[in-house]
Peer 1: 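Before I ask anything, let me first share the structure, which is written out below as structure tokens.
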Amino acid sequence: QVQLVESGGGLVQAGGSLRVSCAASGFVFSVYAMGWFRQAPGKEREFVAAISRSGGNTYYADSVKGRFTISRDNGKNIMYLQMNSLKPEDTAVYYCARRKTGLHSYYPRDYDYWGQGTQVTVSS
């Protein structure tokens, strides 16, 4: 069955860096676009970044552009989110998700499978 497992979250000071990973299994990873979302307490889940099937195209929320980098390794079935210059407002549970079909999307409704999430906490 389809599984997405995030890892790499943790506690980091403002200005620091963290890399979270998403290990995929149960489907042909290379034929699906993928995305990262995050959800802070009391807030809706929001788009962070997305990547095309080949990894050649990437998309970012304005709030993380220039600080975060999404990438994927189709040989290892893993997607990454490198987060630099972290801010306290980046604190959230980070989720990876599989796009249903087609190109990238900014909307959670367009993703059909989700990981369990990994907590990222940025202290000031």
Peer 1: Do L81 and Y113 share a hydrophobic cluster (ILVMFWY, side-chain heavy atoms under 4.5 Å, transitive)?
Peer 2: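 The answer is yes; both residues are in one hydrophobic cluster.
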Peer 1: Using ring centroids (six-membered ring only for Trp), state whether W36 and F47 fall under 6.0 Å.
Peer 2: no
Peer 1: Given 3.5 Å as the limit, does a donor-acceptor pair link the side chain of E6 with the main chain of C96, or not?
Peer 2: yes
Peer 1: Taking the side chain as every heavy atom from C-beta outward, state whether M34 and L4 have any pair of such atoms under 4.5 Å apart.
Peer 2: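 With C-beta onward as the side chain, the pair touches.
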Peer 1: How long is the span from the CZ atom in R72 to the SG atom in C22, to the nearest 0.5 Å?
Peer 2: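 With rounding to 0.5 Å, CZ (R72) is 9.5 Å from SG (C22).
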Peer 1: Are the side chains of R98 and V2 in touch, meaning some heavy atoms are under 4.5 Å apart?
Peer 2: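 The answer is yes, as the side chains (C-beta and beyond) meet within the 4.5 Å cut-off.
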Peer 1: Could you tell me whether the side chain of F29 reaches within less than 4.5 Å of the side chain of R53, counting heavy atoms only?
Peer 2: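 No; the side chains remain at least 4.5 Å from each other.
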Peer 1: With a 4.5 Å limit on heavy-atom distance, are the side chains of I51 and N57 in contact?
Peer 2: no
Peer 1: Side chains of Q3 and F27: does their closest heavy-atom pair fall under 4.5 Å?
Peer 2: no
Peer 1: Can you tell me how far the CG atom of L18 sits from the CG atom of N84, to the nearest 0.5 Å?
Peer 2: 9.5 Å
Peer 1: Return the CD to CZ distance between Q119 and R38, rounded to the nearest 0.5 Å.
Peer 2: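 One finds 12.0 Å between CD of Q119 and CZ of R38.
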Peer 1: Where do V5 and Q116 land on the side-chain contact (heavy atoms from CB on, under 4.5 Å) test, with the steps shown first?
Peer 2: CA-CA 7 Å; V5 180; Q116 83 288 351; 4.2 Å; yes
Peer 1: What are the two closest heavy atoms between S124 and A14, and how far apart are they?
Peer 2: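 Looks like CA-CB, 4.3 Å.
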Peer 1: Does this structure show an ion pair linking D112 with R99, if we count only N-O contacts that are shorter than 4.0 Å?
Peer 2: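 The answer is no: the pair does not qualify as a salt bridge.
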Peer 1: Would you check if the distance from the ring center of Y111 to the ring center of F37 is below 6.0 Å?
Peer 2: yes
Peer 1: Run the salt bridge (Lys or Arg N to Asp or Glu O under 4.0 Å) test on D90 and K87 for me, step by step, so that the C-alpha distance in whole Å, both residues' side-chain angles and the decisive distance to 0.1 Å come before the verdict.
Peer 2: CA-CA 5 Å; D90 295 318; K87 305 175 181 180; over 6 Å; no
Peer 1: Between atom CG of N77 and atom OG of S25, what is the distance when rounded to the nearest 0.5 Å?
Peer 2: 8.0 Å
Peer 1: Would you say K100's side chain and R109's backbone share a donor-acceptor pair under 3.5 angstrom?
Peer 2: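 At least one qualifying donor-acceptor pair exists.
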Peer 1: Under a 4.5 Å side-chain heavy-atom rule over Ile, Leu, Val, Met, Phe, Trp and Tyr, are V64 and V93 clustered together?
Peer 2: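 No.
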Peer 1: Can you list the residues that meet the side-chain hydrogen bond (donor to acceptor under 3.5 Å, both in side chains) rule with T91, with sequence neighbours excluded?
Peer 2: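 Scan of T91 (side-chain hydrogen bond (donor to acceptor under 3.5 Å, both in side chains), adjacent residues dropped) gives none.
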Peer 1: Out of curiosity, R67 CZ to S85 OG, how far, rounded to the nearest 0.5 Å?
Peer 2: 7.0 Å
Peer 1: Out of Y60, Y32, Y59, which one pairs with H104 under the ring-ring contact (aromatic ring centres under 6.0 Å, His included) rule?
Peer 2: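 Considering Y60, Y32, Y59, a ring-ring contact (aromatic ring centres under 6.0 Å, His included) with H104 is found only for Y59.
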Peer 1: Please find the pair of heavy atoms, one from V20 and one from G9, that lie closest to each other, and give the distance.
Peer 2: CG1-N, 3.8 Å
Peer 1: Taking everything shown except K43 itself, do over 12 heavy atoms lie less than 6.0 Å from its NZ?
Peer 2: no
Peer 1: Regarding S30 and N74, do their side chains bring together a donor and an acceptor under 3.5 Å, going by distance alone?
Peer 2: no
Peer 1: Is the closest side-chain heavy-atom distance between Y106 and V48 below 4.5 Å?
Peer 2: no
Peer 1: Just checking L11: does its CG atom have more than 12 heavy atoms from other residues, nucleotides or ligands closer to it than 6.0 angstrom?
Peer 2: yes
Peer 1: Going from OG on S7 to OH on Y80, what distance comes out if it is rounded to the nearest 0.5 angstrom?
Peer 2: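 Reported to 0.5 Å precision, the distance equals 9.0 Å.
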Peer 1: So, is the end of the R45 side chain (NZ or CZ) under 6.0 Å from the ring centre of Y95 and within 45° of the ring's axis?
Peer 2: yes
